[in-house]
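Right, one structure below, let's go through it.
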Amino acid sequence: MPSELTLYNTLTRKKEVFQPLVEGHVGLYVCGPTVYNPVHLGNCRTFVSFDVIYRYLMAKGYKVRYVRNITDVGHLTDDGEDRMSRGARLEQLEPMEVAQKFSNQFHDMMRTFNALPPSIEPRATGHIIEQIEMVREILANGYAYEVNGSVYFDVEAYNNGNDERYGELSGRRIDELMAESRELKAQGEKRNPSDFAIWMNASDDHILRWDSPWGSGFPGWHLECSAMSTKYLGERFDIHGGGNDLKFPHHENEIAQNVGACQHAGARYWLHTNMLLMNGKKMSKSDGNTISPEELFTGDSIHVSEGYDPMVIRFFMLQSHYRSTLDLSDEALQAAKKGYQRLLEAWNSLQEMQASGSAQNGTVGKELTAGLEAAYAEMDDDFNTPKALARVFELVSRINALQGGQLSLDEITARQLTEFRDGLGKLLFDILGLQNRASANGADREALDKVMQIVLDLRQQARADKDWALSDKLRDALQDAGVTVKDGKDGATWSV
RNA sequence: GGUUGGGUGGCCGAGUGGCUAGGCAAAGGUCUGCAAAACCUUGUACGGCGGUUCGAAUCCGCUCCCAACCUCCA
């Protein structure tokens, strides 16, 4: 593919041409979920966005190592209790049982959304040794200090006179940050409010704990990603991604830790996905403004009028750009559902299409080829899925016109048709990761096909006899059963 | 208060100086036994006020409003 991939780098706040560190290879790290709660829809949007990015990089011919962690330790509640432990206490389970349960659930959900699994999915608890080692290095380099068995990152030492160094990603300056509002007992141990823990001393009742050179404790909240990205992608790697809400402090601290340990930053390109909103506000675990994926699938929620297929939701997400907020509403989902159906129906009729064999100049074929190239070019522009889909829908009209006879199949050569079909299929299913559900049911589908053919033949006979009462009755009854009949030029087609 | 990003036609959502985004909805037409589908046509949309420019949704200034982050969160 001749065109260049550009992407928006949060670090520089502009679009840059993507140049991998090692030609032909991409190291991609994405901050994964915490697993003390069921996954919620906002996470799904982020991971669907990065799924498309991962898929597109592969389609560009890159060999991609995609690392996405599972956070199963280190996040504290307001009263200092580890969230894993809290979940375990509330459900009377082992902490690792909680982690496993929600990891499994998360994986199921990713499959439901047709998101590919990452190449490596490391767990924070599986990398305590690496994290301890990193703390050691940061200490050795003079960017941290130990107090009472805890180790804090020393932001002042890190800045070393350059007060814009810490905060370069998020545009923050430490003297502008709000004062720490939480009353953690550890606050008093810090030299500066903006210092953050990279190793914490465990109190006696803390369940998740490991031995370290500084006593029994657990790793800081942001250290795992620094340690694991370094381990699996190297001290320098290409792309680091995550949700916008992780920009500060999580990613800012990651950069500081990487520099603290390795004397230089890790990722070269930072990509941030924007929030999924509902009612104009962020969907949030904490304030109840949320709808779970399951509720969205079943329709069991005051926010939706019916259940939506996961692919409709995926399509809905792809109709906005990953860096924009997306406002979820029933009306918008209805629009997505209908649009997605129209897209699939056009795809399905394209599969039935035969080149006429008497094609001359292939005018329409050239149009289709150009439109498809335009769609791919949009993906090169910072993974612009909404624009790519806009180009695809222009092609949908062409396909339907060929199907409906408004355009002639004489204007497309067999070769053009084949290449177009392959290229469009690759874009829709391999890159955008959509699924053609209607044709995915195997034997059941085959049986239904045959039954429907019988019914449609009967109806066609009734129509030939001008028995409108019978033909309409068949059509209405099928509609009630959820099958839509469409009369075309060459007989009727149907869809569920 | 600070930081970052927004306010686009009935709804969702692209778009960063001039050329139709796209989807859904709506109106008219073609087709059809009727309908649906499909195709064709139709929208003087860019928060407000100034400014720069031959020309601004797009650049600049002011202003109003919204969201996220600054506390676990994709």
Side-chain angles (χ1 to χ4, degrees), chain A residues 10 13 30-34 36-37 39-50 71 74-78 83 167 169-182 184 194 221 241-250 252 272-277 280-287 315-316 319-321 323-340 342-343 345-346 349 378 384-394 396-407 463 466 468 471-472 475-476 479 484-489 492-493 495:
Chain A
T10 309
R13 296 201 185 85
V30 174
C31 288
T34 49
Y36 47 74
N37 260 330
V39 63
H40 83 112
L41 200 59
N43 296 57
C44 296
R45 185 200 184 194
T46 289
F47 298 131
V48 163
S49 295
F50 282 109
T71 295
H75 288 69
L76 302 186
T77 58
D78 281 345
R83 285 184 185 270
L169 181 72
S170 54
R172 281 179 169 76
R173 295 169 51 119
I174 48 174
D175 55 355
E176 285 167 345
L177 295 178
M178 260 183 174
E180 179 73 61
S181 58
R182 301 196 304 172
L184 292 179
S194 53
W221 315 337
N244 226 341
D245 49 353
L246 294 182
K247 213 188 278 178
F248 189 90
H250 184 65
E252 202 69 71
H272 287 98
T273 59
N274 218 134
M275 298 295 102
L276 181 64
L277 309 181
K281 293 228 168 97
K282 180 172 116 162
M283 292 186 110
S284 168
K285 283 178 192 173
S286 45
D287 67 12
F315 174 80
F316 169 69
Q319 275 196 302
S320 75
H321 187 85
R323 278 192 289 117
S324 299
T325 53
L326 172 60
D327 204 347
L328 185 91
S329 68
D330 191 56
E331 208 177 355
L333 285 169
Q334 284 290 332
K337 177 184 158 185
K338 287 178 185 166
Y340 187 54
R342 195 159 86 92
L343 174 60
E345 279 164 22
S349 63
E378 301 292 7
N384 199 326
T385 55
K387 280 184 91 175
L389 282 171
R391 300 289 84 74
V392 167
F393 270 99
E394 286 163 2
V396 164
S397 293
R398 303 288 86 184
I399 294 168
N400 286 335
L402 284 168
Q403 178 72 9
Q406 292 90 349
L407 289 175
R463 294 182 72 202
K466 298 202 188 297
W468 309 130
S471 106
D472 287 357
R475 185 175 65 197
D476 294 345
Q479 187 65 60
T484 304
V485 176
K486 293 167 195 165
D487 293 322
K489 275 212 162 20
T493 57
S495 59

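Chain letters run A, B, ... following the sequence lines, proteins first, then strands; residues in each count from 1.
Looking at residues two or more places apart in sequence or on another chain, you find a side-chain contact (heavy atoms from CB on, under 4.5 Å) between Ser324(A) and His321(A). Partners of Thr493(A) by side chain to side chain donor-acceptor pair (under 3.5 Å), not counting sequence neighbours: none found. With sequence neighbours excluded, no residue forms a side chain to side chain donor-acceptor pair (under 3.5 Å) with Thr385(A). In this view, Lys338(A) satisfies the salt bridge (charged side-chain N to carboxylate O under 4.0 Å, His left out) rule with no residue, not counting sequence neighbours. Residues meeting the side-chain contact (heavy atoms from CB on, under 4.5 Å) test with Ser320(A), sequence neighbours left out: Arg45(A), Leu326(A). Take Glu394(A) and apply the salt bridge (charged side-chain N to carboxylate O under 4.0 Å, His left out) test, not counting sequence neighbours, and it matches Arg391(A). Every residue meeting the side chain to side chain donor-acceptor pair (under 3.5 Å) condition with Lys247(A), not counting sequence neighbours, appears here in chain and number order: Asn244(A). Partners of Ala388(A) under the side-chain contact (heavy atoms from CB on, under 4.5 Å) rule, at least two apart in sequence or in another chain, are Glu378(A), Met379(A). Qualifying side-chain contact (heavy atoms from CB on, under 4.5 Å) partners for Asp327(A), counting only residues two or more places apart in sequence or in other chains: Leu277(A).
The side chain of Ser397(A) approaches C39(B) more closely than any other nucleotide in the set C39(B), C72(B), G13(B).
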For nucleotides 18-21 of chain B, give me every protein contact, N/O to N/O, under 3.5 Å, one pair per line with atom names.
residue	atom	partner	partner atom	Å
A21(B)	O2'	Arg391(A)	NH2	2.5

So which protein nitrogen or oxygen atoms get under 3.5 Å of nucleotides 27-30 of chain B's nitrogens or oxygens?
none

Quiz item: How does RNA chain B read in dot-bracket, base by base from 5' to 3', with Watson-Crick or G-U pairs under 3.5 Å and | used when the partner is on another strand?
Solution: ((((((((.[[[..)..(...]]].(((((.......)))))....[[[[[..)....]]]]])))))))....
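Aromatic stacking of Trp468(A) on G33(B): satisfied, with centres closer than 5.5 Å and planes within an angle under 30 degrees.
Atom name P, nucleotides A27(B) and A21(B): the rounded distance is 23 Å, in whole Å.
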